[in-house]
Amino acid sequence: MNVLFAIDDNFAPQLSTTIISLCENNRDAEDIHLYVLGMGLAEQTIANLAGLVQRYGRELDVIDAGNFMESFDGFDTGGWNQVVLARLLMGSYLPESVHRVIYLDADMIVVDTLRPLWETELAPGKVLGAVIEATIDDGRLQTLNLTDSWYFNAGMLLVNLDRWREEGCERRLVEYCRVNRDHLTANDQDAISGELKGQIQPVPVSYNWGNTYEFYPYRFLKGLMDPVPYYPEDEYEYAVAHPAVVHFWGEDKPWREGSTHTFAADYDRYLSMGPYAGTPKVQGWTGYFKAWKAFNVLTYPFPGLRYRIITALVPKMLARRAKNK
């Protein structure tokens, strides 16, 4: 099993936690080879990750991707860290001997085996597998020419690297970013969904579970997708009830003081098992999370209202991130 990550040095504690959760819950895997695309990683960070992976008897390659932004010709990632774009160059950075890989964001924990995902066969013509994201607003879908197709969350990607290279995905995605630089809200994710339209195979939401599934019922999400088909209800409900990969999307991050996330305690437990045990929580979020909890209680019976409020707040949140970056 090949697993790829992309981080800068600030995200080392989170990646350590992701790796621990992955190794703890995939002990039955015959082999796991981890690849890290690193942007400015300190020697101590690399040593910490190497020691951690060695402890589990797995393999690690840290690849310096520090100059990858040169390919994007001054592309401004706005409120997102530049390293999010590094995954688009995976075909060049990973060895030719790597034919298949699971990409995971480092703001995730793995809470069950990835064997079924790894063994998933991608249909002919499909370059990768990913989880459908139903909550993208109509304006973005129109901008990306996706009103008749799926939009995908790029936090987890199951990639057929042979097809990725054959189809020239790297060149196409870089060009897509250049041409559409003023219209991409989520950078790499928008590019993947837009440029690889028709070449992405949906996989169960259990492999990219987020708190959205706690707040929006199935029928509401299915309605947002209409007329584009969504997951069958029985498959969806089973997957939501049995997460394998938990994605801490949005602002509710368990490394922030006061986080209310359902899997915050799980994150803390895995963090405590590695070289970054005792990393202090990011302060200044307690008031935010109190308000977030109240918002969740008040809007839970009204998913439509919640959706409109969240959709309106996203641009403001990204603008704030860009200002603070």
Side-chain angles (χ1 to χ4, degrees), residues 1-8 15-16 18-23 25-41 43 45-72 83-106 108 110 113-130 154-174 188 191-192 195-196 199-201 203 207-208 244-245:
M1 182 189 301
N2 302 310
V3 185
L4 172 67
F5 304 95
I7 66 160
D8 64 12
L15 177 58
S16 169
T18 308
I19 290 174
I20 291 168
S21 68
L22 168 66
C23 292
N25 292 297
N26 286 270
R27 291 180 177 273
D28 61 338
E30 185 175 342
D31 61 83
I32 299 177
H33 198 135
L34 305 176
Y35 296 89
V36 176
L37 297 181
M39 187 172 74
L41 297 187
E43 290 185 7
T45 298
I46 296 172
N48 287 343
L49 296 176
L52 174 61
V53 173
Q54 184 178 29
R55 190 176 87 195
Y56 284 100
R58 305 305 190 176
E59 298 181 83
L60 172 70
D61 280 327
V62 178
I63 302 168
D64 181 12
N67 63 349
F68 75 91
M69 283 301 294
E70 293 177 3
S71 299
F72 293 92
V83 78
V84 300
L85 294 178
R87 78 192 78 180
L88 302 184
L89 307 180
M90 67 176 81
S92 293
Y93 281 115
L94 292 175
E96 290 287 335
S97 58
V98 179
H99 305 290
R100 184 181 180 87
V101 69
I102 296 172
Y103 169 84
L104 294 178
D105 276 350
M108 290 177 154
V110 178
T113 178
L114 296 183
R115 180 187 293 273
L117 174 66
W118 180 248
E119 294 178 349
T120 297
E121 290 295 329
L122 296 178
K126 303 300 183 184
V127 173
L128 59 87
M156 186 292 300
L157 305 171
L158 171 66
V159 185
N160 183 323
L161 273 175
D162 292 334
R163 293 180 192 166
W164 176 277
R165 292 170 175 134
E166 291 167 3
E167 294 289 332
C169 291
E170 182 174 308
R171 171 188 54 77
R172 291 164 54 193
L173 289 166
V174 169
D188 61 303
I192 288 171
E195 176 59 31
L196 302 184
Q199 294 183 283
I200 306 175
Q201 178 172 312
V203 299
Y207 297 111
N208 195 346
V245 179

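Quick note: residue numbers are just sequence positions, from 1.
M156 contributes atom CE, which lies 10.5 Å from atom CG of D105 (distance to the nearest 0.5 angstrom). Here S97 contributes atom OG and N2 contributes atom CG; the two are 8.0 Å apart, rounded to the nearest 0.5 Å. Considering CE of M90 and OH of Y103, their distance stands at 8.0 Å, rounded to 0.5 Å. Atom CD in E119 sits 11.0 Å away from atom CG in L158 (nearest 0.5 Å). With values rounded to the nearest 0.5 angstrom, R171 atom CZ is found 9.5 Å from L173 atom CG. Annotation: the span from E96 atom CD to L161 atom CG amounts to 9.0 Å, rounded to 0.5 Å.
For T45, the side chain to side chain donor-acceptor pair (under 3.5 Å) partners at least two apart in sequence or on another chain are D9. In terms of the side chain to side chain donor-acceptor pair (under 3.5 Å) criterion, Q201 has no residue partners (sequence neighbours excluded). Residues passing the side chain to side chain donor-acceptor pair (under 3.5 Å) test with D188, sequence neighbours excluded: R87. Residues that satisfy the ring pair (Phe, Tyr, Trp, His ring centres under 6.0 Å) test with H99, not counting sequence neighbours, are absent from this structure. In this structure R172 satisfies the side chain to side chain donor-acceptor pair (under 3.5 Å) test together with E195, Q199, sequence neighbours excluded. Scored by the side-chain contact (heavy atoms from CB on, under 4.5 Å) test, D8 finds N10, F11, M39, N81 as partners (sequence neighbours excluded).
Looking at heavy atoms from C-beta onward, L34 lies out of side-chain contact with D61 at the 4.5 angstrom threshold. At a threshold of 4.5 Å between non-hydrogen side-chain atoms, the residues S16 and I19 do not count as touching. Using a 4.5 Å cut-off on side-chain heavy atoms (C-beta onward), N208 and M108 make contact. In this structure the side chain of I32 never reaches within 4.5 angstrom of the side chain of W118, judged on heavy atoms. A heavy-atom distance below 4.5 Å is not found between the side chains of Y207 and I102. In this structure, the side chains of L41 and I7 come closer than 4.5 Å at one or more pairs of heavy atoms. The side-chain heavy atoms of L104 and L4, taken from C-beta on, include no pair separated by under 4.5 Å. Taking 4.5 Å as the limit, every side-chain heavy atom of F5 sits out of range of all side-chain heavy atoms of L37.
A salt bridge is defined here as a Lys NZ or Arg NE, NH1 or NH2 lying under 4.0 Å from an Asp or Glu carboxylate O, and D31 with R58 fails to meet this definition.
Proximity of a side-chain donor or acceptor of R55 to a complementary backbone N or O of A50 within less than 3.5 Å is not detected. With hydrogens and angles disregarded, a donor-acceptor distance shorter than 3.5 Å links the side chain of N26 to the backbone of L114. A donor-acceptor contact shorter than 3.5 Å links the side chain of N25 to the backbone of V110. A donor-acceptor pair under 3.5 Å links the side-chain atoms of N160 to the main chain of R163, judged by distance alone. Checking side-chain atoms of R115 against main-chain N and O of D28 turns up a donor-acceptor pair under 3.5 Å. E170 places a side-chain N or O within donor-acceptor distance of the main-chain N or O of S92, the cut-off being under 3.5 Å.
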message: One pair to check against side-chain contact (heavy atoms from CB on, under 4.5 Å): F68 and Y93. What are the steps and the verdict?
response: CA-CA 10 Å; F68 75 91; Y93 281 115; 3.3 Å; yes
- prompt: What do the steps show when you test V62 against Y35 for side-chain contact (heavy atoms from CB on, under 4.5 Å), and what is the final call?
  reply: CA-CA 6 Å; V62 178; Y35 296 89; over 6 Å; no
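Atom CD of E43 has 12 or fewer heavy atoms from other residues, nucleotides or ligands within 6.0 Å.
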